Every structure is written in C-alpha cells, then in structure tokens.
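Encoded as structure tokens, the structure appears first; notes follow it.
Quick caveat: nothing in here was measured; it's all calculated off a predicted structure.
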Amino acid sequence: PMEHRCTERIISELKILIYKHNLPIAIGRVRNGSSSGVFVETDFMDIECEHQLQLEVLFNKSNATKLQSIVMKALVIHKTGKGFGAEVDFQNAAQAELFIDLLRGTKASAADEQMFAMVANS
C-alpha cells in the first residue's frame with residue numbers, strides 16, 4: 001500500500017499552465033496541494049498515470065510577484081474525471097515555500113522575494 005503522507009493539503013484556486021514534453025498543453029487549477037503533491041482540475045484529458053509533466057504557476061494581479069516563474073516537475077499518480085493527482089518536485093526549497101504561500105493566498109514579502117531572487121540567480 002502507498003504510504004500516507006501527512007502533509008497538510010491546502011485548498012486553492014491557483015491557476016497553472018500544464019506542459020508536456022516542454023510544450024504548454026492546457027490550463028488547470030490546483031484544487032489542493034502541498035509541497036509534495038497537488039490535485040489539478042483540468043478539462044484536458046490526454047494525461048495518463050506515470051506521465052511526466054511540468055506545471056507553471058500563472059500569476060494574476062493579486063499574487064503577481066517579481067519572480068520569473070514557479071515551475072515544478074510533476075509525476076501523475078492518479079486520474080479522475082475532473083483532473084489528476086501528481087507528486088511534485090521543485091527546483092529548490094525557496095520555490096516550494098513560495099508555492100505554499102501562493103496556495104494559502106499570501107504574497108511573499110519583499111524580503112522573501114529578494115532572498116528568492118538571489119537563490120534563483122545563483
């Protein structure tokens with residue numbers, strides 16, 4: 001049986017762009033997520049278990065940051081009629097933290113953004 005990770009799942013409306021083979025294929029919405037997994041609601045159904053995808057957060061005016069982007073690798077682990085669940089892997093811890101902040105609907109502070117910019121560019 002798959003181990004049950006007791007990471008907090010945050011309910012969200014965060015819009016993301018879904019990439020397959022580095023091409024944007026669909027827009028989805030993170031219905032809930034954590035730093036290790038997400039459930040993405042999408043109309044796009046050509047996604048199967050074991051597919052390797054990339055997810056990129058789409059910023060709106062309320063959560064726009066000076067960041068270039070938040071991109072995560074995603075491995076599809078289950079699929080429903082509404083979307084798919086995936087394990088996610090971030091480029092670094094700063095991106096994972098920022099993603100969680102966005103899920104919670106909070107915007108990173110200026111200090112965090114500066115720190116992140118340094119991490120992102122190093």
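- Rounded to the nearest 0.5 angstrom, I18 CD1 and L55 CG are separated by 6.5 Å.
- By the criterion of side-chain heavy atoms lying less than 4.5 angstrom apart, applied directly or through intervening Ile, Leu, Val, Met, Phe, Trp or Tyr residues, I100 is grouped together with I16 in one hydrophobic cluster.
- Residues V71 and L17 do not share a hydrophobic cluster, clusters being chains of Ile/Leu/Val/Met/Phe/Trp/Tyr side chains in contact below 4.5 Å.
- The distance from atom OG of S35 to atom CD of Q95, rounded to the nearest 0.5 Å, is 13.0 Å.
- M45 approaches G83 most closely through the heavy-atom pair CE-N, 4.0 Å.
- Distance check, rounded to the nearest 0.5 Å: CG of L102 to CG of L14 gives 6.0 Å.
- Every residue meeting the side chain to side chain donor-acceptor pair (under 3.5 Å) condition with E13, not counting sequence neighbours, appears here in chain and number order: R29, R31.
- Cluster membership check: F44 shares its hydrophobic cluster with F84, using side-chain heavy-atom separations under 4.5 Å among Ile, Leu, Val, Met, Phe, Trp and Tyr.
- To the nearest 0.5 Å, atoms CD1 (I27) and CD (E41) are separated by 13.5 Å.
- Counting heavy atoms from C-beta outward, V76 and E50 have side chains that stay 4.5 Å or more apart.
- Annotation: K20, atom NZ; neighbour count of heavy atoms from other residues, nucleotides and ligands within 6.0 Å is above 12.
- Taking CG of N32 as the start and OG of S12 as the end, the distance is 8.0 Å to the nearest 0.5 Å.
- Residue-environment remark: NZ (K79) exceeds the threshold of 12 foreign heavy atoms within 6.0 Å.
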Inset, instruction - Determine, step by step, whether T80 and F39 satisfy the side chain to side chain contact (heavy atoms under 4.5 Å, CB included) criterion, reporting the C-alpha distance in whole Å, the side-chain angles of both residues, the deciding distance to 0.1 Å, and the verdict. - result: CA-CA 10 Å; T80 72; F39 181 79; 3.5 Å; yes

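- V30 pairs in a side chain to side chain contact (heavy atoms under 4.5 Å, CB included) with only one of the listed residues (V57, L103, I10, I11), which is L103.
- Taking the six-membered ring where tryptophan is involved, the planes of F99 and F90 are tilted, since the angle between them lies from 30° to 60°.
- Note that CD1 of I25 and OH of Y19 are 11.0 Å apart. Values are rounded to the nearest 0.5 Å.
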